[in-house]
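One structure is given below, encoded as structure tokens.
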Amino acid sequence: MSLSNGRTYLAIPGPSVMPDAVLNAMHRAAPNIYAGELPEMMPELMADLNRVARSTSHCAIYICNGHGAWEASLANVVSRGDEVLVLATGNFALGWAETARRMGLECTVLDHGRRSTIDYDRLAETLNADSAHRFKAVLMVQVDTATSIRNDVPAVRAALDAAGHPALFMVDCIACLGVDDFHMDAWGVDVMITASQKGLMTPPGIAFVFFNDKADRARDKVEFISQYWDWRPRAFPDQFYERFAGTAPTHHLYGLRAALDMIHTEGLDNVLARHAKLARMVWAAFEVWGQEGPVELNVTDRALRSHAVTAVRIGDPHGETLRQWLIENTGVTLGIGIGMVDKGAPGADGFFRVGHMGHVNAHMVMGVLGNIDSGLKALGLPHGRGALEAASAVCAEA
Ligand SMILES: *Cc1c(COP(=O)(O)O)cnc(C)c1O
């Protein structure tokens, strides 16, 4: 007997739960890629994407995942030997930095560890010290999916402005676009990258690079750019096929169309507010469990927590044991702890993450929390009592 049979919930931070509407939109024959519905739907699709980014800038779509967007964004604005400044608050900015290094860029990394946001004094010092303006770009991740830290994007813009530093400001919103608030134009972001499989509720396989005119002028100075990564034909196509440097990701586009319809029908502000409240339900439960025993939220300060994902410390090997217990007994799959300790190193099984991004609602979140509560009990892990009560109370708030 297993209690896991029934509809499962993949509560990992991407790929996220795919709505039936998205799946159904993709369940169709291959369309004509030369004319008709597919090319005709692009202008509105691009406009609706821009509305999620609160952007009036340009957007190139690539057939790739987030790692591809890391490379695509850099390929258009910097050249081998250029220097970039990377602000790391977990695993993903370090990944972007590694991509940069492998492209022959020099990286200065301000690494803030796994539990802190950006140190703005240190950032100001670093920018002021660069009077020769060697940094061509500053790279940050809005939400680090490994640590669940949410960084303050406008504060980094303010630091650049205060230092009078002309570097391009590039932000990775892969984890959190459509989940945590983001304003590309108002926040002065020059390049923003995201991907389909998290807040945008579409299968992995397409990624987006948004860029403004300043970033596009940097593209002029790039000496060599591969035909595939060049954002110009994709963002300013004469012919439909130029948008994708070849065959379009036809079914992803239908899925994305359905997902954007869902977001704009609900209303972006309501989508963000739903995620905020669901996140507060999750935090309320973990804060109570943490009153006794090993459970501890990775991010102490609520203001620094993402609404997309929650990283939890529980001590080796309980993270992995709890995850397995939930898979076998409840039909919930939690995310593994990544980047908190090197993979395979002692302690690496002492973490897990709960994804609560995209097509997620109150009963799904209460289900996950209820099942974690059972797991803690079944495994005999000490924990504070009343976590579900606390989450339920947040849910009941007006
Ligand atoms: C998921 C994620 C990535 C990587 O995306 P892939 O599609 O796995 O390549 C990069 N940055 C952040 C912040 C992410 O959440």
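Throughout, numbering of the chain's residues begins at 1 and tracks the sequence. Heavy-atom basis, side chains included; hydrogens, waters and symmetry copies ignored. Since the structure is predicted, the reported quantities are computational estimates derived from the model, not experimental observations.
- A donor-acceptor pair shorter than 3.5 Å can be found between the side chains of Ser306 and Asp180.
- Judged by distance alone, with hydrogens and angles left aside, the side-chain atoms of Thr202 form no donor-acceptor pair with the main-chain N or O of His252 at under 3.5 Å.
- Applying side chain to side chain contact (heavy atoms under 4.5 Å, CB included) to Leu177 and the options Val171, Val52, Val143 leaves one that passes, Val52.
- With hydrogens and angles disregarded, no donor-acceptor distance shorter than 3.5 Å links the side chain of Thr333 to the backbone of Leu10.
- Distance check: Ile12 CD1 to Ile338 CD1 gives 10.0 Å after rounding to the nearest 0.5 Å.
- In this structure the side chain of Val354 never reaches within 4.5 angstrom of the side chain of Val365, judged on heavy atoms.
- Side-chain contact, Tyr254 with Glu37: a donor N or O sits under 3.5 Å from an acceptor N or O.
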Show me, pair by pair, the donor-acceptor contacts under 3.5 angstrom made by side chains of residues 288-297, not counting sequence neighbours?
residue, atom, partner, partner atom, Å
Trp289, NE1, Asp373, OD1, 2.7
Glu296, OE2, Arg115, NH2, 2.8

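- Atom CD1 of Ile118 and atom CZ of Arg122 lie 10.5 Å apart (nearest 0.5 Å).
- Of all non-hydrogen atoms in Ala311 and Thr147, the two that sit nearest each other are CB-O, 3.6 Å.
- When atom types are taken as modelled, the side chain of Arg280 and the backbone of His275 share no donor-acceptor pair closer than 3.5 angstrom.
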Are Phe210 and Thr194 close enough, and set up right, to give a side chain to side chain contact (heavy atoms under 4.5 Å, CB included), and what steps lead you there?
CA-CA 8 Å; Phe210 293 77; Thr194 193; 4.1 Å; yes

Check the pair Thr126 / Asp130 against side chain to side chain contact (heavy atoms under 4.5 Å, CB included), numbers first and verdict last.
CA-CA 6 Å; Thr126 309; Asp130 182 33; over 6 Å; no

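- Nearest heavy-atom pair, Ala248 versus Leu253, reported as atom, atom and distance to 0.1 Å: CB-CD1, 4.2 Å.
- The cationic atom of Arg323 (NZ for Lys, CZ for Arg) does not lie both less than 6.0 Å from the six-membered ring centre of Phe351 and within 45° of the ring axis.
- Between Ile174 and Phe92, the closest side-chain pair of non-hydrogen atoms is not below 4.5 Å.
- Contact check for Leu334 versus Ile372: side-chain heavy atoms found under the 4.5 Å cut-off.
- In this structure, Asn270 contributes its side chain and Ala273 its backbone to no donor-acceptor pair below 3.5 Å.
- Between the Lys221 side chain and the Ser79 main chain, no donor and acceptor come within less than 3.5 Å of each other.
- Asn298 places a side-chain N or O within 3.5 Å of a backbone atom of Arg114 that can act as its donor or acceptor partner.
- For Arg134 (side chain) and Glu83 (main-chain N/O), no donor-acceptor pair under 3.5 Å exists by modelled atom type.
- A pairwise comparison of heavy atoms in Asn371 and Trp325 identifies O-CZ3, 3.8 Å as the closest pair.
- For Glu266, the salt bridge (Lys or Arg N to Asp or Glu O under 4.0 Å) partners two or more places apart in sequence, or in a different chain, are Arg274.
- Between Gly90 and Asp144, the shortest heavy-atom contact is C-OD2, 3.2 Å.
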What side-chain donor-acceptor pairs closer than 3.5 Å can you find for residues 379-387, not counting sequence neighbours?
residue, atom, partner, partner atom, Å
His383, ND1, Leu381, O, 2.7
His383, NE2, Lys377, NZ, 3.2

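- In this structure, a donor-acceptor pair under 3.5 Å is absent between the side chains of Asp216 and His58.
- Classification of Lys136 and Asp82 as a salt-bridged pair fails, no side-chain N sitting under 4.0 Å from a carboxylate O.
- At a threshold of 4.5 Å between non-hydrogen side-chain atoms, the residues Met1 and Leu3 count as touching.
- Note that CG of Asn50 and CZ of Phe208 are 11.0 Å apart. Values are rounded to the nearest 0.5 Å.
- Under a cut-off of 6.0 angstrom, the local environment of CZ in Arg28 is crowded, with over 12 non-hydrogen atoms contributed by other residues, nucleotides or ligands.
- Here the closest heavy-atom approach between residue Val84 and residue Ala100 is recorded as CG2-CB, 4.3 Å.
- Using a 4.0 Å cut-off between charged side-chain N and carboxylate O, Asp269 and Arg54 make a salt bridge.
- With values rounded to the nearest 0.5 angstrom, Met192 atom CE is found 11.5 Å from His183 atom NE2.
- Annotation: side chain of Phe169 is in contact with side chain of Met140 (closest heavy-atom distance under 4.5 Å).
- A salt bridge does not link Arg150 to Asp301: none of the charged side-chain nitrogens sits closer than 4.0 Å to a carboxylate oxygen.
- Taking the six-membered ring for Trp, Tyr62 and Trp231 have ring centres at least 6.0 Å apart.
- Here the CG-OG1 distance, from Leu139 to Thr108, works out to 11.5 Å after rounding to the nearest 0.5 Å.
- Pro249 places a side-chain heavy atom less than 4.5 Å from the side chain of Phe244.
- The shortest side-chain heavy-atom distance between Val77 and Phe211 does not fall under the 4.5 Å cut-off.
- A side-chain donor-acceptor contact under 3.5 Å links His112 to the backbone of Asp119.
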Side-chain donor-acceptor pairs under 3.5 Å in residues 38-49, sequence neighbours left out?
residue, atom, partner, partner atom, Å
Asp48, OD1, Arg51, NH1, 2.9
Asp48, OD2, Arg257, NH1, 3.0
Asp48, OD2, Arg257, NH2, 2.7

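- In this structure, Glu98 pairs ionically with Arg101, as a charged nitrogen and a carboxylate oxygen lie closer than 4.0 Å.
- Closest approach of Pro204 and Pro15 over heavy atoms only: CD-CB, 4.0 Å.
- The side chain to side chain donor-acceptor pair (under 3.5 Å) pairs that include a residue from residues 343-362 are Thr310-His356, where partners are two or more places apart or lie in different chains.
- Listed by first and then second residue, the side chain to side chain donor-acceptor pair (under 3.5 Å) pairs involving residues 86-96 are Thr89-Asn151 (not counting sequence neighbours).
- Follow the hydrophobic side-chain contacts under 4.5 Å out from Val368 and you reach Val282 in the same cluster.
- Atom CG of Leu94 is separated from atom OG1 of Thr99 by 11.0 Å, given to the nearest 0.5 angstrom.
- The number of heavy atoms from other shown groups lying within 6.0 Å of CD (Glu397) is above 12.
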Passes side chain to side chain contact (heavy atoms under 4.5 Å, CB included), Val394 versus Trp283? Steps please.
CA-CA 10 Å; Val394 173; Trp283 303 341; over 6 Å; no

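- Side chain of Gln142 to backbone of Ala175: no donor-acceptor contact under 3.5 angstrom is found.
- In this structure, the side chain of Ser196 engages the main chain of Ile206 through a donor-acceptor pair within 3.5 Å.
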Residue pair Asp190, Arg157: steps toward the side chain to side chain contact (heavy atoms under 4.5 Å, CB included) verdict
CA-CA 10 Å; Asp190 298 310; Arg157 173 79 265 168; 3.8 Å; yes

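- Ionic pairing of Asp230 and Arg219 is present here: one or more N-O contacts between side-chain nitrogen and carboxylate oxygen are shorter than 4.0 angstrom.
- Atom CD of Glu328 has more than 12 heavy atoms from other residues, nucleotides or ligands within 6.0 Å.
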